Amino acid sequence: MKSDKPFLKSLICSTVVFAMLMILLAATEDRSIQHVILPFAALFILFALITGIWGLYSKKRENYGTLTIKVVGLFIFYVVSMNLIRAIKVTIESQ
């Protein structure tokens with residue numbers, strides 16, 4: 001059975017994860033996080049769209065837990081790939 005309202009569910013999950021991340025950053029960082037909010041918001045909107053499309057074409061019903069895990073997984077994949085790209089760039093520039 002297909003998921004009902006997958007985009008709304010994925011937007012809710014993405015908003016919750018985004019809010020938790022911003023609270024965590026505000027609690028741990030000494031400087032202002034204003035420069036981080038907009039890029040992260042855009043990322044989590046993109047993640048919500050990706051997981052919404054994923055839920056739309058899924059054969060089984062998606063609950064909030066699985067959608068949240070998918071959003072967090074996409075964020076972790078993004079962070080790891082950006083760090084890898086940055087490391088490769090530094091290695092190439094240092095040669």
Side-chain angles (χ1 to χ4, degrees):
M1 175 180 272
K2 273 187 147 179
S3 176
D4 52 326
K5 301 179 185 175
F7 289 102
L8 181 63
K9 284 183 175 181
S10 64
L11 186 63
I12 290 170
C13 293
S14 184
T15 305
V16 168
V17 172
F18 172 73
M20 289 172 52
L21 182 66
M22 288 298 114
I23 291 169
L24 185 69
L25 280 176
T28 58
E29 293 232 354
D30 294 336
R31 61 178 194 251
S32 176
I33 62 166
Q34 291 177 349
H35 65 282
V36 179
I37 291 176
L38 190 61
F40 275 174
L43 269 176
F44 279 98
I45 289 172
L46 179 67
F47 296 158
L49 288 173
I50 291 170
T51 55
I53 292 170
W54 193 344
L56 184 68
Y57 290 109
S58 178
K59 300 229 186 275
K60 59 182 180 176
R61 180 177 231 158
E62 300 284 342
N63 59 12
Y64 290 104
T66 57
L67 288 173
T68 303
I69 290 171
K70 288 177 184 178
V71 168
V72 170
L74 284 172
F75 181 70
I76 291 171
F77 175 74
Y78 171 78
V79 168
V80 168
S81 62
M82 285 295 114
N83 285 334
L84 188 65
I85 289 171
R86 195 172 294 137
I88 291 171
K89 183 179 176 184
V90 167
T91 305
I92 290 173
E93 288 176 353
S94 67
Q95 290 179 355

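Values in this document were obtained by computation on a predicted structure and should not be read as measured data.
Rounding to the nearest 0.5 angstrom, the gap separating the CG atom in Leu46 from the OH atom in Tyr78 is 10.0 Å. If you take CD1 on Ile53 and CG on Leu49, they are separated by 6.0 Å, rounding to the nearest 0.5 Å.
Partner Phe18 forms a side-chain contact (heavy atoms from CB on, under 4.5 Å) with one of Leu43, Val71, Ile37 and no other, that one being Ile37.
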*asked:* Please determine whether side chain to side chain contact (heavy atoms under 4.5 Å, CB included) holds for the pair Phe75 and Phe40, giving the CA-CA distance in whole Å, both sets of side-chain angles, and the decisive distance to 0.1 Å.
replied: CA-CA 10 Å; Phe75 181 70; Phe40 275 174; 4.2 Å; yes
*Report the C-alpha distance between Thr66 and Ile69 in whole Å, list the side-chain angles of each, state the deciding distance to 0.1 Å, and finish with yes or no for side chain to side chain contact (heavy atoms under 4.5 Å, CB included).*
CA-CA 5 Å; Thr66 57; Ile69 290 171; 5.5 Å; no
*Does the side chain to side chain contact (heavy atoms under 4.5 Å, CB included) test come out yes or no for Arg86 and Asn83, once each step is laid out?*
CA-CA 5 Å; Arg86 195 172 294 137; Asn83 285 334; 3.4 Å; yes
*Please walk me through it: do Leu25 and Val36 pass side chain to side chain contact (heavy atoms under 4.5 Å, CB included)?*
CA-CA 9 Å; Leu25 280 176; Val36 179; 4.1 Å; yes
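Of all heavy-atom pairs between Gly55 and Pro6, the closest is C-CB, 3.9 Å. Lys9 and Glu62 get closest at one heavy-atom pair: NZ-O, 3.0 Å. Nearest heavy-atom pair, Leu67 versus Cys13, reported as atom, atom and distance to 0.1 Å: CB-SG, 3.8 Å.
Side chain of Ser14 to backbone of Ser10: no donor-acceptor contact under 3.5 angstrom is found. Panel note: side chain Ser58, backbone Trp54; no donor-acceptor pair is recorded below 3.5 Å.
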